[in-house]
Novice: 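Once you've had a glance at the structure underneath, I'll fire off some questions.
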Amino acid sequence: MTAPLRIGNASGFYGDRFDALREMLTGGELDVLTGDYLAELTMLILARDRLKDPSAGYARTFLRQLEECLGLAHERGVRIVANAGGLNPAGLAGAVRELAGRLGVPVRVAHVEGDDLTARYPGSLAAHAYLGGFGIAACLREGADVVVTGRVTDAALVTGPAAAHFGWAATEYDRLAGAVVAGHVLECGTQATGGNYAFFGERPPGDLLRPGFPLAELHEDGGSVITKHPGTGGFVDVGTVTAQLLYETGGARYAGPDVTARLDTVRLTRDGPDRVRIDGVRGEAPPPTLKAGLNRLGGFRNEVVFVLTGLDVEAKADLVREQMTGALATSPPAETRWELVRTDRPDADTEETASALLRLVVRDPGQEAVGRALSGAAIELALASYPGFHVLAPPGKGAPYGVFEDVYVPHGSVDHVAVLHDGRRIPVGPPHDTTAVAVVPEPELPEPPAPGPVRRAPLGLVAGARSGDKGGNANVGVWARDDDAWRWLAHELTVERFRELIPEAAALPVTRHVLPRLRALNFVVEGILGEGVAAQARFDPQAKALGEWLRSRRLDIPEALL
């Protein structure tokens with residue numbers, strides 16, 4: 001039997017801990033080290049970089065990390081796979097080769113391309129298909145030491161090395177699905193080792209000051225163990241892995257370019273300290289289309305935050321709203337949004353805690369309507385508005401904002417290619433079999449708990465949550481830590497109750513997905529983030545804290561659970 005493959009992660013986003021690459025290389029044994037540098041917003045940032053410099057478009061941080069660690073990886077025989085190529089994987093591969101030559105490190109550098117569809121979508125700044133892992137696998141099978149990609153799925157950074165190491169065929173769906181699940185757990189770095197964890201307060205003081213990055217011991221049958229290097233901070237348990245499995249997912253079928261993984265088949269068990277075993281994962285043929293992300297310029301945006309201190313906060317807010325509306329009446333912005341945030345407290349002992357914030361956000365296709373017009377109107381009120389008038393900062397000239405949307409293209413319409421260190425190009429064909437993704441019927445719910453006394457309390461006392469964004473939609477995964485809490489949660493937290501607890505979702509489509517093996521519910525809220533994170537349509541544009549808001553809401557909970 002082939003030995004397990006030890007795959008680590010050293011980056012969950014562009015800007016993650018710089019020293020993580022070295023920490024993972026020196027902290028313990030690894031075969032492959034991955035790095036996820038891309039997100040929807042990152043693609044827009046890189047597209048703007050490329051407008052200024054056509055040779056740019058990749059994550060420059062990755063190069064600086066390699067300057068410190070490429071020799072170390074070579075000495076330890078660790079292969080590096082990262083999507084840091086962004087919009088320019090060929091450019092990054094060339095830069096890595098130049099760096100390796102300067103350092104005298106004899107490594108073979110390959111890259112994966114074919115994801116760039118920008119030319120097909122006039123007016124887009126960046127349009128990229130999410131490729132699978134078999135281009136990465138082809139590079140590794142041909143001896144690459146470093147593989148850089150453009151837009152691939154986050155999990156492809158794991159499925160590619162696994163397919164190369166174990167020799168998996170494209171139709172071994174259960175094994176590929178197991179690797180997808182492991183890859184999804186690893187992709188966000190320390191979110192699998194205690195970072196951003198709902199029950200962080202239960203850990204000893206200092207335990208989460210510097211969580212270590214995760215790794216997976218992946219087996220030939222697709223099963224894995226999620227763990228971390230010995231002696232590093234944070235922790236790995238069933239809760240941290242559950243939380244990450246629910247992050248930015250939807251229903252039971254988790255579709256990707258290589259396989260559709262069935263999240264309702266995932267089984268998690270403790271395998272020792274800081275070790276969680278994942279097994280039982282089933283897979284199905286991938287869908288007939290690839291998801292592609294389009295980023296385009298949506299217009300211009302500006303904002304000003306008025307500080308309202310002391311008495312008569314509502315009346316002060318009404319006054320400045322009327323004044324600003326009148327001042328902007330001659331050329332009103334296309335979109336105007338006001339939000340009063342009551343951060344003030346009565347009889348406060350500091351001025352800051354006596355103050356509320358009134359936020360005005362404007363958007364328009366043209367810069368003038370949100371630039372000088374807004375800043376002039378706001379500043380001219382300095383001596384002519386409510387008592388105590390001031391703003392957090394003067395509004396600027398107005399900045400461009402982006403809009404993200406999903407489109408879907410046939411597999412065969414994308415030229416997925418592995419480009420090797422010697423210049424050879426290996427085409428990666430589309431899957432032979434595909435299956436359209438269908439909704440899984442809701443599973444049978446557990447028996448509800450017996451009636452008993454209840455107490456009004458926050459949901460978070462008995463349930464964890466993690467939330468995230470996908471374009472303009474958000475998901476909120478909620479899980480229970482034992483069977484008794486799950487029996488209550490499965491019946492209590494319906495779509496209707498979710499809408500009551502999250503009023504922003506009251507008029508929006510909300511879908512509930514039930515995952516009994518994880519004792520979890522996953523809610524998808526459509527449209528709550530407007531046109532995506534770059535548009536900054538709400539206070540929390542990536543819905544990072546939507547789950548924590550839900551956990552803070554009070555409802556009647558059985559006293560036996562508290």
Side-chain angles (χ1 to χ4, degrees), residues 39-41 130 153-155 180-181 184-185 187-188 191 196 198 242-256 260-266 284 287 289 291-293 403-408 436-443 445 459 463-480 489-533 535 537-551 553:
E40 293 167 1
L41 181 61
Y130 289 75
T153 64
D154 301 338
V180 164
V181 170
H184 184 63
V185 174
E187 71 184 53
C188 287
Q191 278 195 171
N196 301 349
T242 299
Q244 181 55 28
L245 277 177
L246 296 173
Y247 181 64
E248 295 183 343
T249 59
R253 285 190 165 102
Y254 185 56
T260 294
R262 290 290 298 262
L263 298 183
D264 56 344
T265 64
V266 176
E284 300 168 346
T289 56
K291 175 183 170 181
V403 171
F404 177 88
E405 63 178 303
D406 294 338
V407 296
Y408 292 85
V437 177
V439 176
V440 175
E442 182 166 314
L445 297 181
L459 173 64
R466 179 165 288 167
S467 54
D469 65 315
K470 281 296 180 186
N473 302 337
N475 91 288
V476 185
V478 187
W479 79 94
L489 183 71
H491 291 275
E492 175 64 24
L493 197 56
T494 61
V495 168
E496 291 72 24
R497 179 74 75 230
F498 182 92
R499 286 193 171 116
E500 289 175 13
L501 298 174
I502 304 294
E504 284 186 55
L508 298 174
V510 178
T511 305
R512 185 179 96 150
H513 302 281
V514 182
L515 301 169
R517 284 198 173 189
L518 298 177
R519 293 193 292 245
L521 306 171
N522 208 357
F523 294 87
V524 177
V525 187
E526 297 179 34
I528 193 170
L529 304 179
E531 295 175 297
V533 55
R538 69 188 294 272
F539 168 68
D540 175 16
Q542 289 182 284
K544 294 291 190 182
L546 189 58
E548 286 303 293
W549 179 23
L550 177 66
R551 293 182 70 236
R553 299 308 308 271

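Quick note: numbers below take in every heavy atom, side chains included, and nothing from hydrogens, waters or symmetry partners. Since the model is a prediction, treat every value here as computed from it, not as a measurement. Residue numbers start at 1 and run along the sequence shown.
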Novice: Is it the case that the side chain of R253 and the backbone of T260 share a donor-acceptor pair, with hydrogens and angles ignored and the cut-off at 3.5 Å?
Specialist: no

Novice: Looking only at atom types and distance, does a side-chain atom of R466 sit under 3.5 Å from a main-chain N or O of A545, one as donor and one as acceptor?
Specialist: no

Novice: Under 4.0 Å between a Lys/Arg side-chain N and an Asp/Glu carboxylate O for R551 and E548?
Specialist: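 Salt bridge between R551 and E548, a charged N being under 4.0 Å from a carboxylate O: yes.
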
Novice: Please report the interatomic distance OG1(T494) to CD(E500), rounded to the nearest 0.5 Å.
Specialist: 7.0 Å

Novice: State, to 0.1 Å, how close V437 and P287 come at their nearest heavy-atom pair, and which atoms those are.
Specialist: CG2-CB, 3.9 Å

Novice: Main chain of I528, side chain of E504: is a donor-acceptor contact present, judged purely on distance under 3.5 Å?
Specialist: no

Novice: Taking atom types as modelled and ignoring hydrogens, do the side chains of N522 and T249 form a donor-acceptor contact shorter than 3.5 angstrom?
Specialist: yes

Novice: A side-chain contact here means heavy atoms from C-beta on lying under 4.5 Å apart; do V525 and N473 qualify?
Specialist: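 SC-SC contact between V525 and N473 ruled out.
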
Novice: Any side-chain heavy atom of V476 sitting closer than 4.5 Å to one from F498?
Specialist: yes

Novice: Taking C-beta and beyond as the side chain, do F404 and E531 meet within less than 4.5 Å on heavy atoms?
Specialist: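 SC-SC contact between F404 and E531 ruled out.
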
Novice: Do N475 side-chain atoms and L246 backbone N/O form a donor-acceptor pair below 3.5 Å?
Specialist: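 Indeed, once roles are kept as given, a pair shorter than 3.5 Å links the two residues.
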
Novice: Do you know the tightest heavy-atom contact between V180 and A261?
Specialist: CG1-CB, 4.2 Å

Novice: How far does OG of S467 sit from NZ of K544, to the nearest 0.5 angstrom?
Specialist: 8.5 Å

Novice: Rounded to the nearest 0.5 Å, what separation is found between the NE2 atom of H184 and the CD atom of Q244?
Specialist: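 With rounding to 0.5 Å, NE2 (H184) is 5.0 Å from CD (Q244).
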
Novice: I'd like to know if the side chain of T153 and the backbone of G256 have a donor-acceptor N/O pair within less than 3.5 Å.
Specialist: no

Novice: Going through the checks in order, is the side-chain contact (heavy atoms from CB on, under 4.5 Å) test met by L515 and L521?
Specialist: CA-CA 6 Å; L515 301 169; L521 306 171; over 6 Å; no

Novice: So, E40 side chain and G471 main chain: donor-acceptor pair closer than 3.5 Å or not?
Specialist: yes

Novice: If I take atom CG from residue D540 and atom CG from residue L529, how far apart are they, to the nearest 0.5 angstrom?
Specialist: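 If I round to the nearest 0.5 Å, the distance is 8.0 Å.
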
Novice: With a distance cut-off below 6.0 Å to the six-membered ring centre and an angular limit of 45° from the axis, does K291 pair with Y408 as a cation-pi contact?
Specialist: no

Novice: If only side-chain N and O atoms count, and only distance matters, is there a donor-acceptor pair under 3.5 Å linking N196 with Q191?
Specialist: yes

Novice: May I have all residue pairs that pass side-chain hydrogen bond (donor to acceptor under 3.5 Å, both in side chains) and include part of residues 507-521, sequence neighbours excluded?
Specialist: D483-R519

Novice: Which pair of non-hydrogen atoms, one from L546 and one from A474, has the smallest distance, and what is that distance?
Specialist: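 For L546 versus A474, the nearest heavy atoms are CD2-CB, 4.0 Å.
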
Novice: Are the side chains of W549 and I502 in contact, using a 4.5 Å heavy-atom criterion?
Specialist: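 Counting from C-beta outward, I502 and W549 do come under 4.5 Å.
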
Novice: Is there side-chain contact between L489 and W479, with at least one heavy-atom pair below 4.5 Å?
Specialist: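 No. Closest side-chain heavy atoms not under 4.5 Å.
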
Novice: Taking the side chain as every heavy atom from C-beta outward, state whether L493 and L501 have any pair of such atoms under 4.5 Å apart.
Specialist: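 Side-chain contact under 4.5 Å: yes.
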
Novice: Got V440 and R262 here, is their nearest side-chain heavy-atom distance under 4.5 Å?
Specialist: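 They are in contact (side-chain heavy atoms under 4.5 Å apart), so the answer is yes.
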
Novice: Could you tell me whether the side chain of R553 reaches within less than 4.5 Å of the side chain of L459, counting heavy atoms only?
Specialist: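 They are not in contact (no side-chain heavy atoms under 4.5 Å apart), so the answer is no.
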
